[in-house]
Amino acid sequence: MSSNGKRKQFDATENQPLYGFMPRMVKADQVQKAMEHDLNAFTKTPHTPQYRRILEARKKLPVFAQMTEFYDVFTKNQIIVMVGETGSGKTTQIPQFVAYSDLPHTRGKLVACTQPRRVAAMSVAKRVADEMDVPLGKQVGYSIRFEDMTEPGTTFLKYMTDGMLLREAMNDPDLNRYSTIILDEAHERTLATDILMGLLKSLAKRRQDLKIIIMSATLDALKFQKYFTVGDTPAPLFKVPGRTHPVEIFYTQDPEPDYVEAAIRTVLMIHRAEDEGDILLFLTGEEEIEDTCRKIKLEADDLMSQDPDSVGPLSCIPLYSSLPPQQQQRIFDPAPPRRTPGGPAGRKIVVSTNIAETSLTIDGIVYVVDPGFSKQKVYNPRIRVESLLVSPISKASAQQRAGRAGRTRPGKCFRLYTEKDFMKELEEQTHPEILRSNLANTVLELVKLGVKDLVRFDYVDAPAPETLMRALELLNYLAALDDDGNLTALGSMMSEFPLDPQLAKMLIVSPEFKCSQEILTIVAMLSIPNVWLRPNNQRKEADAAKQLLTVPDGDHLTMLNVYNQYKQNQYDKNWAWNNYLSARALAQADNVRAQLERIMERFDIDLVSMEYQDPTKHYANIRQALVCGFFMQVAHKEGEKGNYLTVKDNQVVALHPSCGLDTQPEWVIFNEFVLTTRHYIRTVTDVRPQWLLELAPQYFDLSTFPDGETKRALQRALKKPRAGPADDQRAKKKKRVV
DNA sequence: GAGCACTGC
């Protein structure tokens, strides 16, 4: 159907639900009538009894009252910005409204709605499938990594993660399957959403038939409206009020020197003096949270023994992402009961990281305590280091935290900073992720997407040129881009792997070293959270268990060993538990490994191992393959104090205490740079300087290498005859005895 | 002798 041709009408007979509907010219009264119809508008089958009950609840959502206005704006514009506060119903309703207008099922198209998180995509899709009275995975589905819950040809409304849509765009830059794309939670400014906004802005010009809706929180709307300006006219705004309860905000008179101490004091003050209702306290990390929970419990016990009649019982529950799901569930437990009938009410206190700001909603919270800090990722392109820093939150973030107190009834938020600091010191918005990240991955994706000039790409917020330069430099050294910045065949293949470029490179070259099976495992293990468990009261036991699995040549090899042992023990959860390993993380590694293996097969990359053919060369070959990806993350030992210097960037670093090397080798590659009390390198493997010179000659070109001890050491290595891998093993053993 | 804010492919 051409856009200016005659539009087809659907449902030719008058008694059918979509009678009189014309795509993209649909009005609210038509839709409301169709919703009331005995037959399902999209499947033409009778509704189940629950449909009507759910419909009545939907009608009470604020967004429902503005359906007329929505269709008016949607029909007249290609791109709209929508603002809907919590409880407006935008995420569930707007995509359905769009479906009634686009009628995607009649023209083989889909409506997509992106979410920053997997759980959200899944749970919203389930809810909407119920509302539309269809089975999940049929007309309504979702698509997330490892799980495609859609049926080609049937699904016309698809919830998906933003990253997933970006992946699709890499193979279909015009996103032709979609009639409308909705970017939800755009204010969170994830890397994927930011890149998608740039792509969609230019795609809108090529595809006049594509409609785009940007959904965001109030504060950001104007920025998006301006970004999506057509001619001189900013994108129109469609605004829907939320449905939350008022939250009273309190500030401190003076700045608090110690926010943790102040937080504990405030929580106990609320417990003693305020009405019934649970408390949510925001802190920055695991250790701080566990510590604070202990202190709160001690103080609460004290209070209770002093004054048992006026202070109720209290439970204190930690919440952060690395907690096992079962323990995360505890936040939904009810507050402890009164000790005596008529006695003071019990109270639940949840002490949480930012995970409770966006990802998890706890009902029944009436009091929020906000010290005003969170750990945030920062990137320093000069030394190519991404690290986490405790930093002040933004006003938008503070507002979001306060809102958590008003979900079930009017609440109170105690900010542990002054009102003046809130007004003057806090930034309006948290810096978008694109300004705080290493962009190697993103740049490779953009080049694959056909973006020629990365510096002049139309970003919502442009990253620092130096960050882009660092990314281009890395990709050039990895041979993913040629010297003119064009994508190479290797780079094109690398972009298909859901991995950092270093890891993808390693994987692709691994057959040359006859160890692709092993590198596949190592890459999978590097892609998942830490597998080592270390419970507070069993540290010694956990360390001893780790020691038994450690390979002294390098942490990468230890990871390989852990996975292989897990496999040899039939993926047994009890085996994992007995060895202080996270069964959940290991299962994830297995899942990632299978996905990567499928991509390898698609590209005909050989899956080989020489573990049994030539065990002496086995580890040496793996270490050489590692060098092919990580030759830019090398450190050289300087002096005898355990200090290392990173090559070229000259950062003083030490081996992380979790490192399993039994000696301090002269040269190591590392996976991660950790910035805490000291500079550490984590996940480290012993390598030989000859490998660096042979496998990464452009990077280790001594004629352009900065002068210094590192260069001299490389020059010495160059003069030495190359020792075979077998010799290498023997030399190592000798060293260990000494 | 020390940590893993949170996501995502």
Side-chain angles (χ1 to χ4, degrees), chain A residues 114-121 143-148 160-171 185 188-196 282-291 319-323 352-360 373-378 386-391 393 397 400 430 432-434 436-437 441-442 444-445 448 494-501 503-504 523-524 527-534 536 539-540 542-543 546 582 585 588 591-592 595-596 598-599 642 654-660 672 674-683:
Chain A
T114 67
Q115 298 293 320
R117 283 168 290 279
R118 296 160 52 97
V119 263
S143 175
I144 59 180
R145 188 185 186 183
F146 305 128
E147 207 182 341
D148 183 10
M160 62 203 304
T161 46
D162 48 9
M164 205 68 199
L165 185 61
L166 192 56
R167 284 269 142 196
E168 282 188 16
M170 285 177 28
N171 290 310
E185 315 288 359
E188 288 192 26
R189 303 294 304 277
T190 65
L191 250 170
T193 295
D194 259 32
I195 298 300
L196 282 169
F282 284 102
L283 290 178
T284 64
E286 174 176 343
E287 201 180 343
E288 193 179 82
I289 286 170
E290 292 291 356
D291 226 47
L319 177 65
Y320 43 87
S321 76
S322 57
L323 271 180
S352 172
T353 61
N354 255 9
I355 194 171
E357 198 181 299
T358 49
S359 308
L360 274 171
F373 293 96
S374 71
K375 270 191 196 170
Q376 288 167 34
K377 187 167 73 182
V378 286
E386 235 180 34
S387 50
L388 288 171
L389 267 184
V390 174
S391 327
I393 60 170
S397 198
Q400 179 74 19
T430 309
E433 206 184 350
I434 198 170
R436 298 183 283 119
S437 308
N441 225 332
T442 307
L444 184 60
E445 279 165 9
K448 170 77 175 179
M494 283 165 63
S495 73
E496 296 280 331
F497 286 91
L499 294 171
D500 279 340
L503 296 173
V523 167
S527 309
I528 50 139
N530 184 16
V531 295
W532 305 102
L533 300 177
R534 207 162 176 245
N536 256 332
R539 291 194 178 176
K540 267 191 187 155
D543 290 347
K546 185 175 175 186
S582 159
Q588 265 180 54
N591 208 359
V592 173
Q595 187 194 29
L596 298 174
R598 284 194 296 275
I599 303 175
L655 302 182
H656 193 273
S658 67
C659 172
E672 210 184 346
V674 189
L675 194 69
T676 51
T677 44
R678 283 176 81 183
H679 292 2
Y680 288 107
I681 48 177
R682 188 159 51 194
T683 313

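Just so you know, these numbers use all the heavy atoms, side chains as well, and skip hydrogens, waters and symmetry mates. Residue numbering restarts at 1 for every chain, and letters A, B, ... go by the order of the sequence lines.
Salt-bridge annotation for R117(A) and E188(A): present, with a side-chain N of the basic residue lying under 4.0 Å from a carboxylate O of the acidic one. The existence of a salt bridge linking R167(A) and E445(A) is confirmed by a sub-4.0 Å separation between a basic side-chain nitrogen and an acidic carboxylate oxygen. Remark: E496(A) engages K448(A) in a salt bridge, criterion side-chain N to carboxylate O under 4.0 Å.
Looking at heavy-atom distances under 4.0 Å, R539(A) makes contact with a base. Q376(A) comes within contact range of no nucleotide atom at all, as no heavy-atom separation falls under 4.0 Å. Note on I144(A): only backbone sugar-phosphate atoms sit closer than 4.0 angstrom, heavy atoms only; bases stay farther off. The residue V390(A) sits apart from the nucleic acid: no heavy atom pair falls under 4.0 Å. In this structure, T190(A) reaches neither bases nor backbone, as no heavy-atom distance under 4.0 Å exists between it and the strands shown. Counting any heavy atom pair closer than 4.0 Å across all strands shown, R117(A) reaches sugar-phosphate atoms only and no base atom. When heavy atoms are screened at a 4.0 angstrom cut-off, P529(A) is found touching no nucleic acid atom at all. Within the nucleic acid shown, F497(A) has no heavy atom closer than 4.0 Å to any nucleic acid atom.
To the nearest angstrom, C1' of dA2(B) lies 16 Å from CD of E290(A). With rounding to whole Å, N591(A) atom CG is found 14 Å from dG8(B) atom P. Counting to the nearest Å, the P atom of dA2(B) and the NZ atom of K540(A) are 17 Å from each other. Taking atom CG of D162(A) as the reference point, atom P of dC6(B) lies 18 Å away to the nearest angstrom. Regarding L655(A), its CG atom lies at a distance of 15 Å from the P atom of dG3(B), rounded to whole Å. Distance CD (Q595(A)) to P (dC9(B)): 9 Å, rounded to an integer number of Å. dG8(B) atom C1' lies 14 Å from atom CG of D194(A), rounded to whole Å. Atom-to-atom, CD of E288(A) to P of dA2(B) comes out at 18 Å; the value is rounded to the nearest Å.
In this structure, the nucleotide among dC9(B), dT7(B), dG3(B) sitting nearest to the side chain of H656(A) is dG3(B). The nucleotide whose nearest atom lies closest to any side-chain atom of R118(A) is, among dG1(B), dC9(B), dT7(B), dC9(B). If you check dG3(B), dG1(B), dT7(B) against the side chain of D543(A), the one that comes closest is dG1(B). Among dG3(B), dA5(B), dT7(B), the nucleotide with an atom closest to any side-chain atom of I355(A) is dT7(B). Side-chain proximity of M164(A) to the nucleotides dG1(B), dG3(B), dC9(B) is greatest for dC9(B).
When the side chain to side chain contact (heavy atoms under 4.5 Å, CB included) test is applied to I599(A), the partners found at least two apart in sequence or on another chain are F497(A), P498(A), R602(A), F603(A). Not counting sequence neighbours, E290(A) has no partner by the salt bridge (Lys or Arg N to Asp or Glu O under 4.0 Å) test.
Here Y680(A) reaches the OP1 or OP2 of dA2(B): one of its side-chain N or O atoms lies under 4.0 Å away. Listed pair T161(A) / dG8(B) fails the phosphate criterion, with no side-chain N or O lying under 4.0 Å from OP1 or OP2. Residue T284(A) has no polar side-chain atom (N or O) positioned under 4.0 Å from OP1 or OP2 of dA5(B).
The nearest pair of heavy atoms linking V531(A) to A585(A) is CG1-CB, 3.8 Å.
Panel note: side chain Q400(A), backbone E357(A); a donor-acceptor pair is recorded below 3.5 Å.
Side-chain N/O atoms of R534(A) and base N/O atoms of dG3(B) include a donor-acceptor pair closer than 3.5 Å.
With DNA chain B read from its 5' end, the first of the two nearest nucleotides for N441(A) and L388(A) is the one closest to L388(A). The 5' end of DNA chain B is approached more closely, in terms of each residue's nearest nucleotide, by K377(A) than by the other of K377(A) and P498(A).
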